[in-house]
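Structure first, then comments.
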Amino acid sequence: MKHLVAELVANALATLPELAEAAGDLAIDSTMERTRDPSHGDFASNIAMRLAKPARRSPRDIAASIVEALADSPSVDKVEIAGPGFINFYLSPAAFHAEIESTLAQEDAYGRQPTKEGPKILLEFVSANPTGPLHVGHGRGAAFGDTVGNLLEAAGYPVHREYYVNDAGRQMDILGSSVWLRWLGDQGLEVDFPKGGYRGDYIRDIARDIDMSGLSVPDAAAVNDGLPANGDDNKDEYVDALTARAKSLHGEHGFDRVRQQALESIRDEIKEDLAEFGVRFDTWYSEKSLTTNNLIDAAIDVLKERGVLYEKDGATWFPSTDYGDDKDRVVIRDNGVKTYFASDIAYHYDKRERGYDLLIDVLGADHHGYVARVRAGLEAMGYAGEDLEVEFIQFVTLYRGGQQMQMSTRSGEFDTLRQLRAEVGNDAARFYYVMRSNDQHLDFDLDIATSQSNDNPVYYIQYAHARVASVFRQLGEKSLAWDQANGLANLGLLVEPQEKALMTMLSRYPEIVELAANNRAPQTLVHYLRDLANDFHTYYNAHAFIVDDEALRDARLFLISATRIVVANGLGILGVSAPDKM
RNA sequence: GCGCCUGUAGCUCAGUCGGAUAGAGCACCAGAUUCCUAAUCUGGGGGUCGCAGGUUCGAAUCCUGCCGGGCGCGCCA
């Protein structure tokens, strides 16, 4: 609808050479906005003010020229110049009728744009280390990433969703050792559990279920003799020594079996968790595969060929300060081991090499320090740093009874995504996670999320959907039928203020989807749906839909059908269900 | 010290590329149901948009400085 009005202005401008020149490549769409105050019409353009300086004419004078050049349109009733030079457009009822007609015609597809050629987007999110279950913080990244993916797809962008599995490096050794030690414990061996190990109960569960056939149980002395102290100041040393011990007792291959089973067990739990949460991925990209496919070496070779790497203190460095980073970064350590940074730039290089134009990473806010160096890596390898866009997710704090809940693993209070979903349900969890801007800290109030009352915005929106369904059930019980064509023909009967407000709100939906997608801002859609539900509930309370007058009844049912579709489509993007009954 | 995020009603937060009189929910107060689900609706009070400058037709929004809160600054992953 916005494009429709913008096009009128664009066409008018085309007939005014000097103004068109002043406008240059200004997007007319960007001058057009919904009015906040109905007395200003439906849309307002500030183009006259924007052109005042380049055209060296007064805004109101420019506005007058444009209005004069506007072609007549059945969609526009009236155009006015107001204030400092706003051009206000009053749309005709026919324009709104056409919009809801198209809502019913397109149903699920309403608000979705046809798939564009590009840019091809690779959306990476969650990517939690497979060393433990997803916690409530990861849940926010999952809900946000999935919703942004849905929004981008609805806006027509080809999106590929990827989870980067950190299945390589020392943390996998520590995971393996932790499981191994719990297994030894189950076999009756006493070993001092490392302070730097993974202590959660899930490690014990994995140890209990693990297939260790063919591996012999060592005796306690063979495990414990000659280990360093298990103190706070050398916990790394102690864990590493245990890993080495496991490898020497069971062989590389034997330890790898433990490590691999632990990894797969946790990774499968994560996959299951996300699937149940309605979060889907197209690929699970293994960090280890970077090594097996020689992609890290390949990336380092590219940097070497470009002559950007240098040697210092026995290590190989990448001069990321040349690209705006705080300090240079090590790529290969003095012991020959490649750093995580090397994997990271290889991974992002590979994303671009796979043909994705725009890389969106959804990261926890504590990772913001990595962006500069990864961008630097991309630039050094010949891609633009702006190809990488990062959306940071701020922390989540749970509240119950007005009290902040402790969320450390050790405290034993609940902190996993699974527990949260069990308590508040998927719908409320997904809704609350994206209700606030991602760069705002989130206070997640469990009391409100679980309350079945007017406090709860999830139910408020779902209730609008259920009410429409209920109206149609009532219609059936009264042995009445809805004549859709008759409704369409009689939309002109919808003249109540609540009906006009609802139609105006409905017509905004496609613009909201596009705006939320472009800004990676799910909360924009959340707030819109809340406002839409409000307009619907107001209408519901003010007027009966199932009235004796058939023409009016069919028209009203047409309008609330459109409402149901928009609510369902919007909730669908949020990953929240749209129930017919509550 | 440097970097990223943040500061808007009592509380939790929206606020589009700068736009017209700064919005919503909760909380508080007063009302609405012979009628399609009251998980609803209507009305009301409540603001130095952290502070100070600057940019301009116009600033919560952009720039600079200061103050407060969160996070990060490893040859860990």
Side-chain angles (χ1 to χ4, degrees), chain A residues 26-27 29-31 33-37 39-40 44 46 49-50 52-53 58-59 82-86 88 129 131 166 168-172 174 236 287 312-317 325-327 329-335 337 339-341 343-344 364-372 390 392 394-395 399 402 435-443 445 448 451-460 462-464 466-475 477-478 511-512 515-516 518-519 521 523-524 526-527 530-531 533-534 536-547 560 581-582:
Chain A
L26 177 70
D29 257 29
S30 75
T31 73
E33 52 188 25
R34 291 275 176 170
T35 57
R36 197 161 26 201
D37 182 344
S39 72
H40 296 145
N46 62 11
M49 278 98 86
R50 301 269 284 269
K53 194 169 263 182
S58 84
F86 289 106
N88 292 340
N129 288 342
T131 53
N166 293 107
R170 186 166 159 269
Q171 62 179 358
M172 283 297 107
I174 297 175
D236 288 353
E287 181 190 355
K312 193 182 90 181
D313 303 332
T316 304
W317 293 72
D325 196 8
D326 292 348
K327 53 187 80 168
R329 308 289 170 179
V330 171
V331 178
I332 308 174
R333 289 193 268 162
D334 57 5
N335 63 7
V337 175
T339 61
Y340 182 78
F341 172 58
S343 306
D344 237 13
D366 52 337
H367 286 69
H368 69 253
Y370 304 99
V371 178
V390 182
F392 291 110
Q394 295 291 339
F395 292 156
Y399 282 83
M435 192 166 65
R436 305 296 181 214
S437 161
N438 58 292
D439 49 26
Q440 192 78 240
H441 287 247
L442 177 65
D443 292 332
D445 190 321
I448 291 177
S451 75
Q452 298 199 355
S453 73
N454 55 355
D455 300 359
N456 198 323
V458 195
Y459 296 135
Y460 184 86
Q462 290 179 319
Y463 187 43
R467 269 185 151 174
V468 176
S470 172
V471 169
F472 278 91
R473 279 196 300 273
Q474 282 289 325
L475 192 70
E477 282 168 26
K478 292 180 179 171
E511 293 154 33
I512 292 291
L515 179 68
N518 288 339
N519 292 345
Q523 80 277 6
T524 300
V526 169
H527 287 278
R530 209 257 153 219
D531 290 343
N534 185 17
F536 172 77
H537 288 310
T538 298
Y539 181 33
Y540 183 99
N541 275 275
H543 301 283
F545 307 144
I546 304 178
V547 291
I560 67 170
K581 226 174 205 173
M582 289 175 72

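Letters A, B, ... mirror the listed sequences (proteins, then strands); counts begin at 1.
Note: A:Arg329 CZ to A:Asp344 CG = 11.5 Å, rounded to the nearest 0.5 Å. The structure places CD of A:Gln394 at 9.5 Å from NE2 of A:His368, a figure rounded to the nearest 0.5 Å. Remark: A:Asp236 CG to A:Ile174 CD1 distance equals 7.0 Å, nearest 0.5 Å. In this structure, A:Asn534 CG and A:Arg530 CZ are separated by 5.0 Å, a value rounded to the nearest 0.5 Å. With rounding to the nearest 0.5 angstrom, the CZ atom of A:Arg436 is 8.5 Å from the CG atom of A:Asp443.
With B:C36, B:C41, B:G19 as the choices, the nucleotide that has an atom nearest any side-chain atom of A:Met49 turns out to be B:G19. Relative to the side chain of A:Glu33, the nucleotides B:G19, B:C13, B:C36 differ in distance, and B:G19 lies closest. When each of B:G19, B:C41, B:U16 is scored by its nearest atom to the side-chain atoms of A:His537, the top-ranked nucleotide is B:C41. Out of B:U40, B:C71, B:A38, the shortest distance to the side chain of A:Phe395 is found at B:C71. Side-chain proximity of A:Asn534 to B:U42, B:G19, B:G70: nearest is B:U42. For A:Gln394, the listed nucleotide lying nearest its side chain is B:C5; candidates were B:U40, B:C5, B:C71.
Base contact: A:Arg436 has a heavy atom under 4.0 Å from a base atom. Using a 4.0 Å heavy-atom cutoff across all strands shown, A:Gln462 reaches no nucleic acid atom at all. Contacts of A:Ser470 with the nucleic acid, taken as non-hydrogen atoms under 4.0 Å apart, include base atoms. Within 4.0 Å of A:His40, counting heavy atoms only, lies at least one base atom of the nucleic acid. Here A:Asn438 lies out of heavy-atom contact (under 4.0 Å) with every strand. The residue A:Ala466 sits close to a base: some heavy atom pair falls under 4.0 Å. Looking at heavy-atom distances under 4.0 Å, A:Asn518 makes no contact with the nucleic acid at all. Using a 4.0 Å heavy-atom cutoff across all strands shown, A:Asn46 reaches at least one base atom of the nucleic acid.
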Report all interatomic pairs (protein N or O, nucleotide N or O of nucleotides 29-33 of chain B) with separations under 3.5 Å.
none

Pairs under 3.5 angstrom, nitrogen or oxygen only, protein versus nucleotides 73-77 of chain B, please.
residue : atom : partner  : partner atom : Å
B:C73   : O3'  : A:Lys327 : NZ           : 3.4
B:C73   : O2'  : A:Lys327 : NZ           : 3.2
B:C75   : O2   : A:Asp334 : N            : 3.1
B:C75   : O2   : A:Asp334 : OD1          : 3.0
B:C75   : N4   : A:Asp313 : O            : 3.1
B:C76   : OP2  : A:Arg333 : NE           : 3.3
B:C76   : OP2  : A:Arg333 : NH1          : 2.4
B:C76   : N4   : A:Tyr370 : OH           : 3.2
B:A77   : OP1  : A:Arg333 : NH2          : 3.2
B:A77   : OP2  : A:Tyr340 : N            : 3.2
B:A77   : O3'  : A:Ala168 : O            : 3.0
B:A77   : O2'  : A:Gln171 : OE1          : 2.9
B:A77   : O2'  : A:Gln171 : NE2          : 2.7
B:A77   : N6   : A:Tyr370 : OH           : 3.3
B:A77   : N1   : A:Tyr370 : OH           : 2.9

Are there any protein N/O atoms within less than 3.5 Å of an N/O atom in nucleotides 6-10 of chain B, and if so, which ones and at what distance?
residue : atom : partner  : partner atom : Å
B:U6    : OP1  : A:Asp439 : OD2          : 3.4

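Between A:Thr31 and A:Leu26, the closest side-chain pair of non-hydrogen atoms falls below 4.5 Å. Taking the side chain as every heavy atom from C-beta outward, A:Phe86 and A:Asn46 approach each other to under 4.5 Å. Counting only heavy atoms from C-beta outward, the side chains of A:Ile560 and A:Tyr540 never approach each other to under 4.5 Å.
For A:His367, the ring pair (Phe, Tyr, Trp, His ring centres under 6.0 Å) criterion is met by A:Tyr370, not counting sequence neighbours. Considering only residues two or more places apart in sequence or on other chains, A:Ala372 meets the side-chain contact (heavy atoms from CB on, under 4.5 Å) condition with A:Asp325.
Comparing B:C76 with B:G72, their C1' atoms sit 15 Å apart, to the nearest whole Å. Taking the C1' atom of each, B:A52 and B:G7 are spaced 16 Å apart, rounded to whole Å. Rounded to whole Å, the C1' atom of B:G68 lies 23 Å from the corresponding atom of B:A14. Comparing B:C4 with B:U64, their P atoms are spaced 10 Å from each other, to the whole Å. B:C49 and B:A30 have their P atoms separated by 31 Å, with the value rounded to a whole Å. B:A22 and B:A59 have their P atoms separated by 13 Å, given to the nearest Å. If you take atom C1' in B:G10 and the same atom in B:C66, they sit 28 Å apart, rounded to whole Å.
Heavy-atom distances to RNA chain B give each of A:Phe545 and A:Ser39 a nearest nucleotide, and the one nearer the 5′ end belongs to A:Ser39. Nearest-nucleotide assignment on RNA chain B puts the 5′-proximal partner with A:Asn88, out of A:Pro59 and A:Asn88.
Between the side chain of A:Thr35 and the backbone N or O of A:Ala44, no donor-acceptor pair lies under 3.5 Å.
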Paired and unpaired positions of RNA chain B as dot-bracket, Watson-Crick or G-U wobble under 3.5 Å, | denoting a partner strand: (((((((..((((.....[...)))).(((((.......))))).....(((((..]....))))))))))))....
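Classified by interplanar angle (parallel below 30°, tilted 30° to 60°, perpendicular above 60°), the ring pair A:Phe545/A:Phe536 is tilted.
Between the side chains of A:Gln171 and A:Asn129, at least one donor N or O sits under 3.5 Å from an acceptor N or O.
In this model, the phosphate group of B:A14 is not approached by any side-chain N or O of A:Thr524 to a distance below 4.0 Å at OP1 or OP2.
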